[in-house]
Amino acid sequence: MRELERRKADKPLSVLRTAAELRFALAQARGRGLSVGLVPTMGSFHEGHLSLMRRARAQCDVVVVSLFVNPAQFAGGEDLGSYPREEQRDTELAQAEGVDFLFVPEAQDVYPDGFSTTVEVRGLTGVLCGSPTSRGAAHFHGVTTIVAKLFNIVAPDVAYFGHKDFQQALVIKRMVRDLDMPVQIETCPTVREPDGLAMSSRNAYLSADDRARATALKDALDAAAAALREGASAENARDAAGAQLTRHAIGPEYLEILDASDLTPLEDAGNERVVVAVAATIGRARLIDNVVVDLQTQAGTDAPASAPTAMVGA
Ligand code: AMP
């Protein structure tokens with residue numbers, strides 16, 4: 001048996017429900033000089049989540065996965081109540097990946113009575129999913145507040161996020177930089193179904209018909225990326241993407257091409273990496289996806305510049 005497999009089989013996963021228990025367990029590991037990796041999630045694990053756990057397992061001595069459907073990042077009318085919750089299945093999957101600690105706190109413990117602090121990153125959170133016509137900036141304030149809390153509880157050396165939530169990863173990196181948080185942020189490539197649909201816990205909401213239509217999101221991103229690589233303007237590239245959505249009767253919540261470093265509108269020249277980002281509600285599922293195109297090398301990627309790249313459309 002390989003070293004990692006032996007380790008997985010040998011070590012039972014601990015499910016911990018309070019910050020105090022987790023801190024105590026991690027203090028012991030730290031005392032032995034072990035590095036700690038954190039994968040924050042809302043559960044209902046799929047291969048995207050598992051890829052983050054695998055990366056953490058490969059790079060860190062101790063792997064912590066948090067499972068918390070965070071009410072603070074859902075607006076009224078969103079799917080907080082119906083979000084899939086499958087703790088038993090998730091526990092088994094995390095165990096199989098060699099995760100050491102699954103942290104499953106109660107909302108009342110995370111947000112006790114009188115909770116009155118919010119961590120806000122401005123600017124980056126006002127566009128795409130943060131725009132008032134989308135989920136709104138409060139969504140990201142909910143994300144940064146819970147992630148800051150998790151960083152304080154776990155004090156990870158490295159925290160792992162998915163490129164699928166491109167804006168979220170950018171916002172978290174900005175928070176970490178601005179607040180001097182001593183954690184390294186790793187962004188991992190988007191994991192996709194064989195037909196290109198980005199894996200998401202919300203894909204479970206799709207009917208068979210809507211599941212077939214949902215592939216249009218990736219088709220749209222590919223069309224825009226191809227147009228950009230051929231030298232098209234952002235406007236023309238956006239039109240090419242829009243045509244793919246229209247073909248499947250999908251009206252996007254947004255479909256934008258922005259500078260990938262700071263989500264600002266494109267200049268006429270000089271943009272090196274651009275992100276094509278889309279959000280759309282298909283049936284009951286609000287889905288997002290993105291691809292980054294490097295205009296210098298003409299490459300399209302599903303991964304950040306610093307990570308091993310997975311080519312889009314390859
Ligand atoms: P969630 O449980 O949806 O909040 O996601 C937890 C983490 O998994 C986030 O960092 C997501 O970006 C990441 N993630 C979700 N879907 C994927 C995917 N298809 N590929 C890679 N990472 C993903």
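Excluded from the calculations below are hydrogen atoms, water molecules and symmetry mates; all remaining heavy atoms, backbone and side chain alike, are included. Every number for a ligand or one of its atoms is a count from 1 in the order of the listing.
The ligand atoms of ligand 1 that sit less than 4.0 angstrom from a heavy atom of F161 are 10 (O). Residue T190 approaches ligand 1 through these ligand atoms, each under 4.0 Å from one of its heavy atoms: 20 (N), 21 (C). Set against the non-hydrogen atoms of G48, the atoms of ligand 1 under 4.0 Å away are 17 (C), 18 (C), 20 (N), 21 (C), 22 (N). For ligand 1 and M199, the ligand atoms under 4.0 Å from any heavy atom of the residue are 16 (N), 17 (C), 18 (C), 19 (N).
The backbone of P40, and not its side chain, has at least one atom closer than 4.0 Å to an atom of ligand 1 (non-hydrogen atoms only; backbone = N, CA, C, O). Only the side chain of L52 comes within 4.0 Å of ligand 1, counting heavy atoms alone; its backbone N, CA, C and O stay farther away. The proximity of H49 to ligand 1, defined as any non-hydrogen pair under 4.0 Å, is limited to the side chain.
Given atom 11 (C) of ligand 1, the protein heavy atom at minimum distance is D165 OD2, 3.1 Å. When only non-hydrogen protein atoms are considered, atom 4 (O) of ligand 1 lies nearest to M42 CG, 3.6 Å. What sits closest to atom 10 (O) of ligand 1 on the protein, heavy atoms only, is G162 N, 2.9 Å. Of the protein's non-hydrogen atoms, the one nearest atom 20 (N) of ligand 1 is V191 N, 2.8 Å.
Judged purely by distance below 3.5 Å, without hydrogens or angles, the side chains of S134 and R286 pair a donor atom with an acceptor atom. With 3.5 Å as the limit, one finds a donor-acceptor pair spanning the side chains of D210 and S207.
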Where do D100 and R57 land on the side chain to side chain contact (heavy atoms under 4.5 Å, CB included) test, with the steps shown first? CA-CA 9 Å; D100 298 291; R57 181 69 285 162; 2.9 Å; yes

Walk me through it: do D178 and R122 pass the test salt bridge (charged side-chain N to carboxylate O under 4.0 Å, His left out)? CA-CA 11 Å; D178 288 357; R122 290 186 290 273; over 6 Å; no

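Put simply, part of P189 is less than 4.0 Å from ligand 1, judged by heavy atoms. Ligand 1 is approached by H46 to a heavy-atom distance shorter than 4.0 Å.
Nearest approach of A148 to M181, heavy atoms of both residues: CB-CE, 3.8 Å.
Atoms OG1 and CD1, on T215 and I250 in that order, are 7.5 Å from each other to the nearest 0.5 Å.
Considering backbone and side-chain N/O atoms, C188 never comes within less than 3.5 Å of an N/O atom of ligand 1.
Note: Y83 and F74 have perpendicular aromatic rings, judged against thresholds of 30 and 60 degrees for the angle between ring planes. Ring planes of H46 and H49: tilted class, angle from 30 to 60°.
Checking side-chain atoms of T187 against main-chain N and O of G162 turns up no donor-acceptor pair under 3.5 Å.
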